[in-house]
Amino acid sequence: MNKVFSMVGLATRAGKTVAGEFSVEKAVKQRKAKLVIVSTEASENTKKLFENKCNYYDIPYVTYGTREELGTATGNKDRVSIAVLDSEFSKSIIHLISKK
């Protein structure tokens, strides 16, 4: 597992993530999300939905990893979307992704 998913796992264990389309969308609308990660395997509609919502609410958005990788990082089977609720975790994850 790479460092990005390790950091997502740490954030999850700290209780600073939510996963799944409904929960992530709710976190974005409530401005609790500090970063939204969407799987590269997500449908174009899902990617567009989160990209538009994140742009509207001024929340960083990235497309990264597979469903299985995101699910494993959060301790679930498969996840298409994850919202990181902590600004320090989100800064670290963005930094790790930008280094790739």
Side-chain angles (χ1 to χ4, degrees):
M1 188 180 293
N2 71 28
K3 291 181 181 182
V4 173
F5 296 120
S6 295
M7 190 62 70
V8 170
L10 277 174
T12 300
R13 285 189 291 286
K16 300 296 182 182
T17 65
V18 293
E21 189 170 340
F22 178 78
S23 298
V24 172
E25 191 173 347
K26 183 177 175 185
V28 169
K29 286 180 180 177
Q30 293 176 346
R31 299 181 191 265
K32 291 181 179 179
K34 306 301 180 201
L35 169 66
V36 173
I37 304 170
V38 176
S39 166
T40 56
E41 299 173 340
S43 71
E44 291 304 314
N45 286 341
T46 300
K47 289 178 187 176
K48 192 71 173 163
L49 169 83
F50 282 116
E51 187 176 359
N52 289 341
K53 290 236 183 274
C54 289
N55 285 337
Y56 181 80
Y57 290 102
D58 197 29
I59 295 168
Y61 162 89
V62 294
T63 305
Y64 189 83
T66 64
R67 293 169 181 252
E68 188 176 341
E69 289 170 328
L70 291 177
T72 301
T74 59
N76 296 297
K77 188 172 188 240
D78 288 347
R79 285 291 181 244
V80 172
S81 57
I82 297 172
V84 179
L85 308 177
D86 181 81
S87 58
E88 294 305 315
F89 277 121
S90 69
K91 287 176 192 173
S92 297
I93 293 167
I94 291 168
H95 177 72
L96 289 169
I97 291 172
S98 67
K99 285 174 47 175
K100 296 247 174 222

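No hydrogens, no waters, no symmetry mates; every other heavy atom, side chains included, goes into these values.
Put simply, Y56 and V38 are part of the same group of oily side chains (I, L, V, M, F, W, Y) that touch within less than 4.5 Å, one to the next. Hydrophobic clustering, with ILVMFWY side chains joined whenever heavy atoms are under 4.5 angstrom apart, groups I37 together with F89. Residues I94 and L85 are members of separate hydrophobic clusters, defined by side-chain heavy-atom contacts under 4.5 angstrom among Ile, Leu, Val, Met, Phe, Trp and Tyr. The cluster map of Ile, Leu, Val, Met, Phe, Trp and Tyr, joined by side-chain heavy atoms under 4.5 Å apart, puts V84 and V4 in the same cluster.
Looking at every heavy atom in both residues, I97 comes nearest to V62 through CD1-CG2, 3.8 Å. When all heavy atoms of T12 and A73 are compared, the closest pair comes out as OG1-O, 4.0 Å. When all heavy atoms are compared, the tightest approach of L35 to Y61 is CD1-N, 4.4 Å. For V8 against T17, the heavy-atom pair with the smallest separation is O-CG2, 4.2 Å. Annotation for N76 and T74: closest pair ND2-OG1, 2.9 Å, computed over non-hydrogen atoms. Considering all non-hydrogen atoms of both residues, V24 and F50 come closest at CG1-CE2, 3.5 Å.
Note: Y64 OH to I82 CD1 = 11.5 Å, rounded to the nearest 0.5 Å. In this structure, the separation between OG1 on T66 and CD on E41 is 5.0 Å, given to the nearest 0.5 Å. In this structure, the separation between OG on S98 and CD1 on I93 is 12.0 Å, given to the nearest 0.5 Å. Between atom CG of residue N55 and atom CG of residue D58 there is a gap of 8.5 Å, rounded to the nearest 0.5 Å.
Judged purely by distance below 3.5 Å, without hydrogens or angles, the side chains of S43 and N45 never pair a donor atom with an acceptor atom.
Take D78 and apply the side-chain contact (heavy atoms from CB on, under 4.5 Å) test, not counting sequence neighbours, and it matches R67, E68. Every side-chain contact (heavy atoms from CB on, under 4.5 Å) that S92 has, sequence neighbours left out, goes to M7. Qualifying side-chain contact (heavy atoms from CB on, under 4.5 Å) partners for E44, counting only residues two or more places apart in sequence or in other chains: K47. Partners of S87 according to the side-chain contact (heavy atoms from CB on, under 4.5 Å) rule, which considers only residues two or more places apart in sequence or in another chain, are K34, S90.
Each salt bridge (Lys or Arg N to Asp or Glu O under 4.0 Å) pair with one or both residues in residues 79-95, not counting sequence neighbours, appears once here: E88-K91. Screening residues 13-25 for salt bridge (Lys or Arg N to Asp or Glu O under 4.0 Å), with sequence neighbours left out, gives E25-K29, E25-K53.
For the pair S39 (side chain) and G65 (backbone), a donor-acceptor distance under 3.5 Å is present.
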